[in-house]
2 protein chains.
Amino acid sequence: MHTYTEENYLKSIYHLLEQNEQASTNDIAASLKTRAASVTDMLKKLAEKKLINYARYQGVSLTPAGQKVALGIIRKHRLWEHFLVDKLKFKWDEVHDMAEELEHISSVELINRLEQFMDYPQFDPHGDPIPNSNGEIKAQLLQPALALTQHQTGVIAAVSDHSASFLQYLEKIQLTIGKEIKVTEITDYDLCLEVTTDNKVLNISREVAKNLLIAL
Amino acid sequence: MHTYTEENYLKSIYHLLEQNEQASTNDIAASLKTRAASVTDMLKKLAEKKLINYARYQGVSLTPAGQKVALGIIRKHRLWEHFLVDKLKFKWDEVHDMAEELEHISSVELINRLEQFMDYPQFDPHGDPIPNSNGEIKAQLLQPALALTQHQTGVIAAVSDHSASFLQYLEKIQLTIGKEIKVTEITDYDLCLEVTTDNKVLNISREVAKNLLIAL
DNA sequence: TAAAATTTTTAGACTAATCTAAAATTTACA
DNA sequence: TGTAAATTTTAGATTAGTCTAAAAATTTTA
Ligand SMILES: [Mn+2]
Ligand SMILES: [Mn+2]
Ligand SMILES: [Mn+2]
Ligand SMILES: [Mn+2]
């Protein structure tokens, strides 16, 4: 169908447009660890195949066809991550690189069976929603823990930093998906939040609170 | 480590040497659906990397390093096939093409966990032995059902034709792995064998009997 | 054992994806 | 508003893997 590389470009563009409302040539290059000149070449090719809308110097958007491909890859990535954690007992910080390979396994039937085998999970190990087999994805209503006011309570639903070091840190301090936290104090002078969970009191930096997403 | 293509060449050479004691340039080209000229190029590259022993016009053999890579790919192929049949409930004639892709997923830890998840299976769905994580593989003692004499009994252990049509036929007549069969009559004039299994009498052609492997 | 047939290798070209360096265009701001 | 800075595109090369056509080597066979 499409090459491994084309799939990665489409997924990358999708993710950039999720956050930035803009997917620039340089941003795509950075996210794929390649060069802007290479990106321009590929954008022409993807436009030729009607997977993106592209005009020189004007940035890109995904066509419905391109969006469908991107969501198919994201669906596979997240279902495989769920499998690795739920069935093979990997930790949530260990699965991303394996899923980067597994997401390109072409069979749609395989991924549908895998989904059934795991009883139709709705979220991946990092709290991200899993698109269904029609490419439909539930928008999540989330806010950073940083936005919580004093004495407010919330449930950790996802993370916005997927780096292994951040995930390992959260694991260590036991701030994982599903945990309820209460902001017991906000200290202005040292930029930290005091949160309480499981009757334990923790101090987390504003940087950590920014990347910890709370269900609305 | 090695490219997808290099891995396929090594696996192909391994399988050819299993059967033929010779892996010719043309045989490799046929098995990989490519051209002899392309094979020669790749053989030079694999020799450069010390994965095969190669001298112009003299054919090839695998070095210990090449053998190890080949067995690693075969291990992954067979474990994934077992997963697809045992856990995802695919039929034995449906899994080969998916395994051709999955065998190139690089993580060794992933395949070891998958093996553990399935309780260390010894054989894939077609009766082929699964190499262990050290690349050791048990040699199977098998003979074609065709070699059975009248009134002799044997257990079906594997197949030597892996085509979907052959596997579907065996499924239909219920001659599957593990079944005990007894040769009740050998008819010289129409080239068929009469076999009895589960108190049912079946007639199978010599071609089918040739590809049905019996444990010794 | 020499010609014929077959197999294998070489030569030269093509595609997908990448790169560096330079040119073109857009954006920022003095 | 015009110059400087940043971004993006083009030009020209490179690498892995593939191809066809032709040459070289081996094997078969008469
Ligand atoms: Mn991931
Ligand atoms: Mn994830
Ligand atoms: Mn197979
Ligand atoms: Mn098999």
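All chains are named by letter (A, B, ...) in the order of the sequence lines, taking the proteins before the strands, and each is independently numbered beginning at 1.
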Nearest-nucleotide pick for B:Ala37, side chain only, options being C:dA21, C:dT26, D:dA21: D:dA21
Quick one: label B:Ser38 by what it contacts on the DNA or RNA (base, sugar-phosphate, nothing), any heavy atom closer than 4.0 Å. base
Does a donor on one side chain sit under 3.5 Å from an acceptor on the other, for B:His96 and B:His77? yes
Round to the nearest Å and state the distance from B:Glu6 atom CD to D:dT15 atom P. 16 Å
Could you give the CG-to-P distance, from B:Asp41 to D:dA16, as a whole number of Å? 12 Å
Using a cut-off of less than 4.0 Å, is there contact between a side-chain N or O of B:Asn26 and OP1 or OP2 of C:dT8? yes
When you measure from the side-chain N and O atoms of A:Tyr9 to the phosphate of C:dT18, is any distance below 4.0 Å, counting only OP1 and OP2? yes
Side-chain N or O of B:Thr5 versus OP1/OP2 of D:dA16: is the shortest distance under 4.0 Å? no
Testing the 3.5 Å rule here: is there a donor-acceptor pair between the side chains of A:Asn112 and A:Arg75? yes
Looking at A:Arg56, I'd like to know whether one of its side-chain N or O atoms comes within less than 4.0 Å of OP1 or OP2 on D:dT8. no
Report yes if the side chains of A:Glu171 and A:Thr176 come closer than 4.5 Å at any heavy-atom pair, otherwise no. yes
For the side chain of A:Gln58, counting heavy atoms from C-beta on, which of C:dT8, D:dT26, C:dT26 is nearest? C:dT26
Regarding A:Tyr54, tell me which of base, sugar-phosphate or nothing describes its non-hydrogen contacts under 4.0 Å with the strands shown. sugar-phosphate
Side chain of A:Thr34, heavy atoms from C-beta onward: which of C:dC19, D:dT8, D:dC19 has the nearest atom to it? C:dC19
Just N and O in the side chain of A:Lys44: are any of them under 4.0 Å from OP1 or OP2 of D:dT9? no
Do A:Glu101 and B:Ser106 have side-chain atoms, one donor and one acceptor, less than 3.5 Å apart? yes
Between atom NE2 in A:His2 and atom P in C:dA16, what is the gap in whole Å? 14 Å
Is there a side-chain contact between B:Thr40 and the phosphate of C:dT10, meaning an N or O under 4.0 Å from OP1 or OP2? no
Just the rounded figure in Å: distance from C1' of D:dT15 to NZ of B:Lys49. 12 Å
Could you state the CE-P distance from A:Met42 to C:dC19, rounded to the nearest angstrom? 11 Å
Using Watson-Crick or G-U wobble geometry with both distances under 3.5 Å, which nucleotide pairs with D:dA30? C:dT1
Whole-Å distance between C:dC19 C1' and A:Leu32 CG? 15 Å
Spacing of B:Gln22 atom CD relative to C:dT8 atom C1', expressed in whole Å: 13 Å
Determine whether the side chains of B:Lys89 and A:Gln116 contain a donor N or O and an acceptor N or O closer than 3.5 Å. no
To the nearest Å, how far apart are B:Arg35 CZ and C:dC14 P? 18 Å
